[in-house]
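To start, the structure itself, in structure tokens.
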There are 2 protein chains.
Amino acid sequence: MNKKSATIYDISKKINVSVATVSRALNDHPRISQATKDLVKKTAKEMNYKQNNLAKALKSGETKNVGIIVPFVNTNFFSSVIRGIEEELSPHGYHVIICQSHEDVNIEKRHLNTLLNAQVDGIFMSVSKTTIDTEHIQSILDTTNTPIIFFDRKKDIPGISTIVIDDYRGGYMATEHLIKEGYKNICHFAGDLNLEIYQNRLNGYKQALIDHNFQVKEDNIIITGSSIEEGIDAVKKFWDKKSIPDAIFSSSDFAALGACQELKKRKIKIPQEVAVIGFSNEPFTQFMELPMSSVDQTPVIMGKMAGQVFIESVKENGSGVSIEKKVVLAPQLYIRKSSKRK
Amino acid sequence: MNKKSATIYDISKKINVSVATVSRALNDHPRISQATKDLVKKTAKEMNYKQNNLAKALKSGETKNVGIIVPFVNTNFFSSVIRGIEEELSPHGYHVIICQSHEDVNIEKRHLNTLLNAQVDGIFMSVSKTTIDTEHIQSILDTTNTPIIFFDRKKDIPGISTIVIDDYRGGYMATEHLIKEGYKNICHFAGDLNLEIYQNRLNGYKQALIDHNFQVKEDNIIITGSSIEEGIDAVKKFWDKKSIPDAIFSSSDFAALGACQELKKRKIKIPQEVAVIGFSNEPFTQFMELPMSSVDQTPVIMGKMAGQVFIESVKENGSGVSIEKKVVLAPQLYIRKSSKRK
DNA sequence: TTGTACGCGTTATCAT
DNA sequence: ATGATAACGCGTACAA
């Protein structure tokens, strides 16, 4: 049995028409008689013909593949965004290639290159924490026509469409909620400030304080990563310094979880003595010993929007210049027991 | 500015050598003088030449792409397996395409076809719950050379390598653990028995009972899905029928979670009155009000093993016939408070 | 309505 | 050591 699949040549020989006719019949070209179309399609099915997308791509320049670069795929946030992108693009015939940067800008660069070599039609990405310079991205814009779309973790580069949530607003909402619950001394676990998202959450936090006539105390802001351990450490630092807050707004659910664990260990009551609210609405937050408040980033919707923006940009590419789109989604505040004192 | 990248033709014209020479120089062919190699490589760099993988793939028949089909990507288990596969294959120059079947065999079929059209070098998959017939998979084996690798949710098809955990053993371990903790009337939330994994977990449960001189009571086995709601319903059914168990071994963490919620609502104490143990070791299990015991499937390792098996099968493809590999990983029992009475 | 012939960018097989 | 050219499979402009 020959496992090489049939080509249009094989079909053309079998029924004595030219390859051109076969090709056109298969693509429902208007100027082909219904009779030959039927015959071609029937024999194509019989011979188990499968179109070779490679050859087609080589000719057309479109691979119908897109790439996605994220730090890691097995997080709730990124895998959900990927789900959204896949579901939006799959009906349009696109395949989705995923790459992991491991938060390393050099790996990110390498993936960017290999994706371009693979001729993807577009690249979706959330930059790594170590991505400071953006020349490697800028140069792609300058030397190729491959559109790049940032989601969540963006950089300000003209010509690149972005899909983000309003992190500023998320930070503002969370903080304002704590204020309205009567908390007076709200601290903030800020994330890596190299990333805009964490800058924005911090700024939202600050502005909410200001708008409600609270002082912004720099001592109340601590930089943490997104791990349980760093949340534990942050609590230790605050409580050992005796600059004790009565509420924590963490830019990360995991750090917030660590905080809850350390507070419990110290017999500090949540939410009576200290409120905790996180960010991302990780699945575990609702199942915790004390369900934790959090800000949802609607990641699946973010992915779908990213997909839509890409599809639009591909369509309007008759005009030559593609228009830069900026989509900002609304964050959703989920209030649970960890921050309700009233 | 011309955004079309240079080809080997452009290079050959510029330095007056043939394309063949350029190609060979670029590929470090032994019979090309060092001088020309240097010249070619230098001008290639100058002209910002990028190899067109499409053309190469068309010629060689290898795309260096693999496909993965899973029900959904945004679950901890599947995204972790994907992570493992990506990390294993990326160093070998492969790109990973992800597809979601949404538990629908028809969508699964469609993806299988589009992946083949895209000429992927291999397909990793976990079959959907609605995959009963396997002709569509068998026919790929018969008509193509594209290797298929099952992980976790497999079907018995000769010639297909599989990577699974020992679900039987997982079920056995969980049940035996409950017995040793002194529970006497252990019920089981079985999953969709169309899938082998759930069959095996059930069988492991049964055998553990038998080996410890317990009766296997069919009334103690209930089929549930993998959702919180179905776990709640299952508890309702058991407790309303007055056939009250003192332990639950659930084949799903989410159903187990639902059970915990419903038991709490009914003021039934875990683990004193009823023990609960789940399956999958979802992240949330350790952060629950009462940390829940569970069986870990080591998904990242599963993905890495799947990647390795693929790489091996590609390498040994000089022999023509590829050998079917069956990898069985050991499940890991995580004992937490929800099942410790002693 | 259908056929001929070329090009997409590479690699490989002959030659030389 | 290098060059000319065929092939990979497809779509399409140009002919007929």
Side-chain angles (χ1 to χ4, degrees), chain A residues 2-41 43-44 47-65 93 116-121 144-145, chain B residues 2-41 43-44 47-65 93 116-121 144-145:
Chain A
N2 185 11
K3 294 202 174 186
K4 285 201 52 152
S5 62
T7 71
I8 52 174
Y9 277 87
D10 301 326
I11 299 178
S12 86
K13 271 174 203 155
K14 182 141 189 175
I15 57 178
N16 277 315
V17 292
S18 73
V19 282
T21 304
V22 175
S23 172
R24 286 190 275 242
L26 255 17
N27 291 312
D28 265 325
H29 192 286
R31 291 200 297 254
I32 295 286
S33 74
Q34 194 57 45
T36 33
K37 275 187 192 173
D38 292 343
L39 178 60
V40 168
K41 288 181 182 173
T43 45
M47 301 178 75
N48 193 29
Y49 167 78
K50 298 249 187 284
Q51 187 187 47
N52 186 328
N53 276 329
L54 245 43
K56 187 179 178 181
L58 180 59
K59 188 98 182 89
S60 69
E62 281 194 336
T63 56
K64 288 287 190 172
N65 286 157
L116 289 174
N117 284 160
Q119 314 269 99
V120 292
D121 296 343
T144 78
N145 288 315
Chain B
N2 186 11
K3 295 202 177 185
K4 286 200 51 148
S5 62
T7 72
I8 50 174
Y9 276 87
D10 301 326
I11 300 177
S12 85
K13 272 174 201 156
K14 185 142 186 175
I15 58 178
N16 276 316
V17 291
S18 73
V19 281
T21 305
V22 174
S23 173
R24 286 191 275 240
L26 256 17
N27 290 314
D28 265 326
H29 191 285
R31 290 201 296 257
I32 295 286
S33 72
Q34 194 56 46
T36 32
K37 274 187 191 172
D38 292 345
L39 179 61
V40 168
K41 286 181 182 172
T43 44
M47 301 178 76
N48 193 30
Y49 167 78
K50 297 248 185 288
Q51 188 188 43
N52 186 329
N53 276 330
L54 245 44
K56 187 179 177 179
L58 178 58
K59 188 86 180 105
S60 69
E62 280 195 336
T63 56
K64 288 286 189 172
N65 287 156
L116 289 174
N117 286 164
Q119 311 272 103
V120 291
D121 297 343
T144 77
N145 288 315

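Within every chain, numbering begins at 1; the chains are lettered A, B, ... in the order of the sequence lines, protein sequences first and strands thereafter.
- Within the 4.5 Å cutoff, the side chain of B:Thr7 has no heavy atoms near those of the B:Asn52 side chain.
- For A:Ala20, taking side-chain heavy atoms from C-beta onward, the closest of the listed nucleotides C:dT11, C:dG3, C:dG7 is C:dG3.
- At whole-Å resolution of the value, CD in B:Gln51 and C1' in C:dT11 are 10 Å apart.
- Between B:Gln119 and D:dG9 there is no side-chain N or O to OP1 or OP2 distance below 4.0 Å.
- Of the candidates D:dG9, C:dG3, C:dT10, the closest approach to any side-chain atom of A:Val17 belongs to C:dG3.
- Distance check: B:Thr21 OG1 to B:Ile8 CD1 gives 10.0 Å after rounding to the nearest 0.5 Å.
- What separates CG of B:Asn27 from P of C:dA12 is a distance of 8 Å, to the nearest Å.
- Following rounding to the nearest Å, B:Tyr9 (OH) and C:dG7 (P) show an atom-to-atom distance of 10 Å.
- No engagement by B:Asp10 is indicated, since no non-hydrogen atom pair under 4.0 Å with the nucleic acid exists.
- Within the 4.5 Å cutoff, side-chain heavy atoms of A:Lys41 are placed close to those of A:Asp28.
- Using a 4.0 Å heavy-atom cutoff across all strands shown, B:Ser23 reaches at least one base atom of the nucleic acid.
- For the OP1/OP2 pair of C:dT2 and a distance below 4.0 Å, the side-chain nitrogens and oxygens of A:Ser33 include at least one atom meeting the criterion.
- A straight line from NE2 of A:His29 to P of D:dC14 spans 13 Å, rounded to a whole angstrom.
- Checked against C:dG9, C:dA5, D:dG9, the side chain of A:Lys59 finds its nearest nucleotide in D:dG9.
- The listed nucleotides are C:dT4, C:dT10, D:dG11; the one nearest the side chain of B:Ile8 is C:dT10.
- In this structure, the CD atom of B:Glu62 is 22 Å from the P atom of C:dG9, given to the nearest Å.
- Among C:dT10, C:dG3, D:dC8, the nucleotide with an atom closest to any side-chain atom of B:Leu58 is D:dC8.
- The distance from atom CG of A:Asn53 to atom C1' of C:dC8 is 15 Å, rounded to the nearest whole Å.
- Which of D:dC10, C:dT11, D:dG3 sits closest to the side chain of B:Arg24 comes down to D:dG3.
- Within 4.0 Å of B:Thr36, counting heavy atoms only, lie sugar-phosphate atoms of the nucleic acid but no base atom.
- For NZ of B:Lys64, the number of neighbouring non-hydrogen atoms (other residues, nucleotides, ligands) closer than 6.0 Å is greater than 12.
- Counting any heavy atom pair closer than 4.0 Å across all strands shown, B:Lys37 reaches no nucleic acid atom.
- Atom-to-atom, CD1 of A:Ile11 to C1' of D:dC10 comes out at 12 Å; the value is rounded to the nearest Å.
- Comparing B:Leu54 and B:Arg31 against DNA chain C, the residue whose closest nucleotide sits nearer the 5' end is B:Leu54.
- For A:Asn53 against B:Ala118, the heavy-atom pair with the smallest separation is ND2-N, 3.6 Å.
- Distance from the side chain of A:Ser18 is smallest to C:dT4 among C:dT10, D:dC10, C:dT4.
- Residue A:Thr21 places at least one side-chain N or O under 4.0 Å from the OP1 or OP2 atom of C:dG3.
- No more than 12 heavy-atom neighbours from other residues, nucleotides or ligands sit within 6.0 angstrom of NZ on B:Lys14.
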